[in-house]
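Structure first, then comments.
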Amino acid sequence: MNSTMILAKAQDPTLQTFENDVWWIVLIKLLGVFVILLLLTLFTINYERKVVARMAVRPGPNQVGPKGWLQSLTDGVKLPFKEEIIPKTADKVVYFIAPVISATVAFTAFSVIPFGPVVSILGHKTALQLTDVPVSVLVLLACSSMAVYGVVLAGWASGSTYPLLGGLRSSAQMISYEVAMGLSIVAVFMTAGTMSTSQIVAAQAGNDPTTAFDIFGWSPTPPSWYAVLLLPSFVIYCIAAVGETNRAPFDLPEAESELVGGFHTEYSSFKFALFFLAEYINMITVSAFATTLFLGGWRAPWPITTFWEGANSGWFPLIWWLGKVLLLLFGFIWLRATLPRMRYDQFMRFGWKVLIPVNLVWILFLAGVRVTNDRIDGGARWLVYLAAAVVVLGIALLWPASKKEREFSIEEQLAARPPGSFPVPPMDLQVPPSPRARRAVAERQPATVGGATAGPDDTVNDTSDKEV
């Protein structure tokens with residue numbers, strides 16, 4: 001084992017690392033997480049506006065602060081002081097609790113996200129992570145589940161029709177895509193062998209000889225990042241994360257053309273600011289979660305670690321973590337500026353009939369690979385993989401195709417209509433001219449000036465002789 005691996009392993013936190021933190025260290029880290037989230041939220045709002053403006057070839061915010069970068073700060077200061085309008089039919093208690101739930105669970109989910117390795121803060125060794133437990137990933141999933149309550153209660157407590165429809169639509173959407181997101185994480189559990197976020201990052205350190213494959217005497221090491229090793233899970237997670245956060249093109253609970261503004265139509269002032277804050281914090285949370293599970297967490301990308309041994313030590317990993325999160329946030333913004341909003345039935349069908357079945361097949365395949373690696377040694381396992389691939393390909397080719405229903409012509413559809421139906425206009429869109437209009441055209445005479453017949457290029461507008 002070389003010195004680089006020793007240095008990397010020495011910096012990895014363990015579950016015991018968090019048990020030794022004193023109370024003021026925990027308080028500093030708690031305040032640091034809160035400040036990081038607020039600053040990232042203000043940055044992401046302006047980041048989105050500027051990127052979308054650049055893609056749409058327009059200026060974007062450029063008035064407040066240097067090149068407009070303080071626009072989000074002024075918006076955040078302005079919103080709490082705006083007039084608050086509460087509907088008379090609203091349930092006052094639930095109306096107030098709903099945005100608090102959304103904002104609180106958004107902040108809580110970040111408590112188990114690792115930002116970096118073990119560092120020294122005022123002479124005390126501590127990890128750049130607020131806390132960690134053996135089931136940290138379940139804590140994140142629980143927080144995302146609780147976020148549904150804030151949206152649903154906001155729609156119900158407003159006492160209005162459109163927010164209620166938005167809340168019901170959002171509950172179905174978030175629950176559906178949360179199932180797909182949870183199944184995409186199962187592959188990470190199976191590969192890393194743990195649900196602790198800090199240990200999942202440690203499992204992606206790479207250069208582990210125990211994970212090498214044996215291909216007829218050649219022993220290559222698989223990629224360390226699960227985004228490459230578990231590519232289907234990473235793709236499904238990214239799609240489910242967009243649906244979970246109600247972002248375009250899956251922002252159907254807030255569809256202006258159908259629901260005015262969705263579940264927060266009746267909210268204003270500070271309560272609307274809480275919903276706005278929760279939406280962007282959820283974007284940051286799912287991006288940080290994807291970074292932890294699939295992109296190596298706070299570890300530096302591969303080219304940097306080849307020539308810099310200290311890239312994964314000290315406070316530098318915080319830079320790598322931030323860069324990966326911003327890259328994923330750019331994906332959210334790119335989707336919003338590029339894709340149109342889907343129909344709701346298409347969206348739900350895609351979640352239940354595509355993402356979840358593909359996830360289940362992928363998990364079954366991955367379990368088969370792990371069992372084969374444990375029980376079959378040498379090049380024989382690749383023969384098993386080849387036989388399995390042939391079987392799957394044969395099933396895919398021989399699977400009966402669904403028969404399309406026969407399309408009837410317009411004449412057949414008209415003939416099949418029951419008697420007494422409403423009359424149907426001509427299908428060729430050609431209406432015969434009215435006899436009255438034809439007679440009026442025939443009686444019209446061209447105007448003449450001075451007894452001469454007007455030619456095609458003459459202008460006949462002089463009617464002074466008739467008036468005289």
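Hydrogens, waters and symmetry mates are skipped; everything else that's a heavy atom, side chains included, is used.
F107 has its side chain within reach of L38: a pair of non-hydrogen atoms, C-beta onward, lies under 4.5 Å apart. The shortest side-chain heavy-atom distance between F365 and V361 does not fall under the 4.5 Å cut-off. With a 4.5 Å cut-off on side-chain heavy atoms, I101 and I97 count as touching. Counting heavy atoms from C-beta on, the side chains of W320 and I304 come closer than 4.5 Å. Put simply, the side chain of S170 reaches to within 4.5 Å of the side chain of N246, judged on heavy atoms. Looking at V118 and T126, their side chains never come closer than 4.5 Å, going by heavy atoms from C-beta outward. In this structure, the side chains of H264 and P163 stay at 4.5 Å or more apart for every pair of heavy atoms. In this structure, the side chains of E84 and F270 stay at 4.5 Å or more apart for every pair of heavy atoms.
If you run ring pair (Phe, Tyr, Trp, His ring centres under 6.0 Å) between F115 and each of F316, W298, F110, only F110 comes through.
Between V325 and A288, the shortest heavy-atom distance links the atoms CG2-CA, 4.0 Å. The minimum heavy-atom distance linking A311 with A300 is given by the pair CB-CB, 3.9 Å. The heavy-atom pair separating L329 from S287 by the smallest distance is CD2-OG, 3.6 Å. Taking each heavy atom of S269 and E83 in turn, the nearest pair found is CB-O, 4.0 Å. Taking each heavy atom of L130 and L30 in turn, the nearest pair found is CD1-N, 3.7 Å. The minimum heavy-atom distance between E266 and S160, with the atom names listed, is OE2-OG, 3.2 Å.
A donor-acceptor contact under 3.5 angstrom links the side chains of T197 and Q129, judged on distance only. Side chains of S198 and S196: a donor-acceptor N/O pair is present below 3.5 angstrom, by distance only. No side-chain donor-acceptor contact under 3.5 Å links T108 and S111.
With sequence neighbours excluded, the residues that form a salt bridge (Lys or Arg N to Asp or Glu O under 4.0 Å) with R349 are D345. Here W315 pairs with nothing under the ring-ring contact (aromatic ring centres under 6.0 Å, His included) rule; sequence neighbours left out. Under the salt bridge (Lys or Arg N to Asp or Glu O under 4.0 Å) criterion, K78 pairs with D75, sequence neighbours left out. For S72, the side-chain contact (heavy atoms from CB on, under 4.5 Å) test picks out L42, I45, N46, with sequence neighbours left out. By the ring-ring contact (aromatic ring centres under 6.0 Å, His included) test, F43 is found to be paired with Y47, W69, residues two or more places apart in sequence or in another chain being considered. Checked against ring-ring contact (aromatic ring centres under 6.0 Å, His included), F350 has no partners two or more places apart in sequence or in another chain.
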Set out, in order, the CA-CA distance, both residues' side-chain angles and the distance that settles side-chain contact (heavy atoms from CB on, under 4.5 Å) for M195 and V188, then state yes or no. CA-CA 9 Å; M195 292 186 183; V188 177; over 6 Å; no
Between W24 and L122, is the side-chain contact (heavy atoms from CB on, under 4.5 Å) condition met? List the steps. CA-CA 11 Å; W24 56 270; L122 300 178; 3.6 Å; yes
Walk me through it: do V133 and L15 pass the test side-chain contact (heavy atoms from CB on, under 4.5 Å)? CA-CA 7 Å; V133 292; L15 294 177; 5.7 Å; no
Evaluation steps, side-chain contact (heavy atoms from CB on, under 4.5 Å), between I356 and L360: CA-CA 6 Å; I356 294 178; L360 294 174; 4.2 Å; yes
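Here side-chain hydrogen bond (donor to acceptor under 3.5 Å, both in side chains) pairs that include residues 350-361, with residues two or more places apart or in two chains, are S176-W352. Sorted by first and then second residue, the pairs that involve residues 83-104 and meet ring-ring contact (aromatic ring centres under 6.0 Å, His included), not counting sequence neighbours, are Y95-Y267. The salt bridge (Lys or Arg N to Asp or Glu O under 4.0 Å) contacts involving residues 19-29 comprise D21-K29, where partners must be two or more places apart or lie in separate chains.
Of the possible polar contacts, none joining the K125 side chain to the N20 backbone as a donor-acceptor pair under 3.5 Å is found. Remark: side-chain polar atoms of D12 are not paired, donor with acceptor, to backbone N or O of Q199 under 3.5 angstrom. T74 contributes a side-chain N or O that, together with a main-chain N or O of Q71, makes up a donor-acceptor pair within less than 3.5 Å. A donor-acceptor pair under 3.5 Å is absent between the side-chain atoms of K271 and the main chain of P99, judged by distance alone. Side-chain atoms of Q204 come within 3.5 Å of backbone atoms of Y226 as a donor-acceptor pair (strictly under, hydrogens ignored).
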Donor-acceptor contacts under 3.5 Å from residues 138-157 side chains, at least two apart:
residue	atom	partner	partner atom	Å
S144	OG	L141	O	2.7
S145	OG	L141	O	2.9
S145	OG	E178	OE1	3.4
S145	OG	E178	OE2	2.1

In residues 231-244, what donor-acceptor pairs under 3.5 Å come from side-chain atoms, sequence neighbours left out?
residue	atom	partner	partner atom	Å
S233	OG	W362	NE1	2.8
Y237	OH	V286	O	3.0

Result block: side-chain N/O donor-acceptor pairs under 3.5 angstrom for residues 273-283, not counting sequence neighbours:
residue	atom	partner	partner atom	Å
E279	OE2	R247	NH1	3.3
Y280	OH	E48	OE1	2.5
N282	ND2	A278	O	3.0

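Put simply, CG on D132 and CZ on F18 are 4.5 Å apart, with the number rounded to the nearest 0.5 Å. The structure places OG1 of T245 at 11.5 Å from OH of Y177, a figure rounded to the nearest 0.5 Å. If you take CG on L31 and CD1 on I28, they are separated by 8.5 Å, rounding to the nearest 0.5 Å. The distance from the OG atom of S268 to the CD1 atom of I86 is 7.5 Å, given to the nearest 0.5 Å. Expressed to the nearest 0.5 Å, how far CG of L230 lies from CG of L366 amounts to 6.0 Å. Annotation: the span from I25 atom CD1 to I121 atom CD1 amounts to 5.0 Å, rounded to 0.5 Å.
Both the sub-6.0 Å distance and the 45° axial angle are satisfied by R169 relative to the ring of Y344.
Under the 30°/60° scheme for interplanar angles, the aromatic rings of F347 and F250 are found to be tilted.
Checked against the 6.0 Å centroid criterion, the rings of W334 and F330 qualify as a close aromatic pair.
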